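What you see is a predicted model, and the numbers here were worked out from it, not measured in a lab.
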Amino acid sequence: MQEITPDNSPKFDKRPWGTFTVLDEGDNFKVKRIEVLPGKRLSYQKHSQRAEHWFIVQGIAKVTLDDKEINVPAGEAIDIEIGSAHRVENPGEELLVFIEVQRGRYLGEDDIVRLQDDFGRTG
C-alpha cells in the first residue's frame, strides 16, 4: 500500500535555516526531526491551532518564548503552548537537532503567523 502525504506536509523539506523530516503523523499529532544550521534561526512565530513539544537531541537551542530567552541543552525539552510566540536558534558551531511533537486539531504548515523572519517571509 502506498503512503499518501498531503501537499502541506512533506516528509522532507529543506529551508534556509536547515531541514525538517516528518517522522510520524496521525489524527491530532505530528512528529518531526528538525535540524538547524549553525548561526541560523527560524521565524519568530505563533500558531493558533497547535502546541509543540521540543526535545533537544544535539547541540544547544536558544529558544525565545514570549520574548524570554531560554537556553535548552541536549537532553532537555521545552513546551510551546497554543498562541505563544516562539523561535528556536542555533547559537553554536555544531548542528542543532531536535524532535518536535505537534499536538492540535490542525497541523498544516499554513498555521504559522510570522512575527519576525530573517528570510523575508513575514506579512
> Do His47 and Glu52 have side-chain atoms, one donor and one acceptor, less than 3.5 Å apart?
Replying inline: yes
> Which pair of non-hydrogen atoms, one from Leu96 and one from Gln58, has the smallest distance, and what is that distance?
Replying inline: CD1-O, 3.3 Å
> Any side-chain heavy-atom pair from Leu95 and Leu37 closer than 4.5 angstrom?
Replying inline: yes
>> One thing to verify: whether Glu69 and Lys62 come together as a salt bridge, which I'm taking to mean a side-chain N less than 4.0 angstrom from a carboxylate O.
In response: yes
>> Nearest 0.5 Å, please: how far is CD in Glu35 from CZ in Phe98?
In response: 10.5 Å
>> Checking the side chain of Arg41 only, and the main-chain atoms of Val88 only, is there a donor and an acceptor separated by less than 3.5 Å?
In response: no
>> Can you tell me how far apart CG (Leu65) and CD1 (Ile78) are? Round to the nearest 0.5 Å.
In response: 5.0 Å
>> Can you confirm whether Lys46 sits close enough to Ser84 that some side-chain heavy atom of one is under 4.5 Å from a side-chain heavy atom of the other?
In response: no
> So Val22 and Lys32, side chain to side chain contact (heavy atoms under 4.5 Å, CB included) or not? Walk me through it.
Replying inline: CA-CA 4 Å; Val22 177; Lys32 290 181 176 180; 4.3 Å; yes
> Do Arg50 side-chain atoms and Gly108 backbone N/O form a donor-acceptor pair below 3.5 Å?
Replying inline: yes
> Would you say the side chain of Phe12 lies within less than 4.5 Å of the side chain of Thr19, judging by non-hydrogen atoms?
Replying inline: yes
> If only atom types and distance count, is the side chain of Asn28 paired as donor or acceptor with the main-chain N or O of Arg103 below 3.5 Å?
Replying inline: no
> Do Asp110 and Ile112 have side-chain heavy atoms sitting under 4.5 Å apart?
Replying inline: no
>> With a 4.5 Å cut-off on side-chain heavy atoms, are Ile60 and Val72 touching?
In response: no
> Is the backbone N or O of Glu100 less than 3.5 Å from a side-chain atom of His53, with the two atoms forming a donor-acceptor pair by type?
Replying inline: no
> Between Pro38 and Gly92, which heavy-atom pair has the shortest distance, and what is it?
Replying inline: CB-O, 3.3 Å
>> Return the NZ to CD distance between Lys30 and Glu109, rounded to the nearest 0.5 Å.
In response: 5.5 Å
> Closest approach of Phe55 and Gly75, non-hydrogen atoms and distance?
Replying inline: CE1-O, 3.5 Å
>> Just verifying a value: how many Å separate Ile99 CD1 and Asp24 CG, rounded to the nearest 0.5 Å?
In response: 11.5 Å
> Applying the side-chain hydrogen bond (donor to acceptor under 3.5 Å, both in side chains) test to Tyr44, which of Asp118, Asp67, Thr122 qualifies?
Replying inline: Asp67
> So, Arg87 and Thr64: side-chain donor and acceptor under 3.5 Å apart, yes or no?
Replying inline: no
> What's the spacing between Arg105 CZ and Ser48 OG if we round to 0.5 Å?
Replying inline: 7.0 Å
>> Let me confirm one number: the CD1-CG distance from Ile34 to Asp13, rounded to the nearest 0.5 Å.
In response: 11.0 Å
>> How close do Ile56 and Pro73 get, counting heavy atoms only, and between which atoms?
In response: CB-O, 3.6 Å
>> Tell me whether Val97 shares a hydrophobic cluster with Val63, the cluster being built from Ile, Leu, Val, Met, Phe, Trp, Tyr side chains joined at under 4.5 Å.
In response: no
>> Taking Leu107 as the starting point, is it possible to reach Leu23 by hopping between hydrophobic residues whose side chains are less than 4.5 Å apart?
In response: no
> Within the side chain of Gln49, is there an N or O that forms a donor-acceptor pair under 3.5 Å with the backbone of Asp111?
Replying inline: no
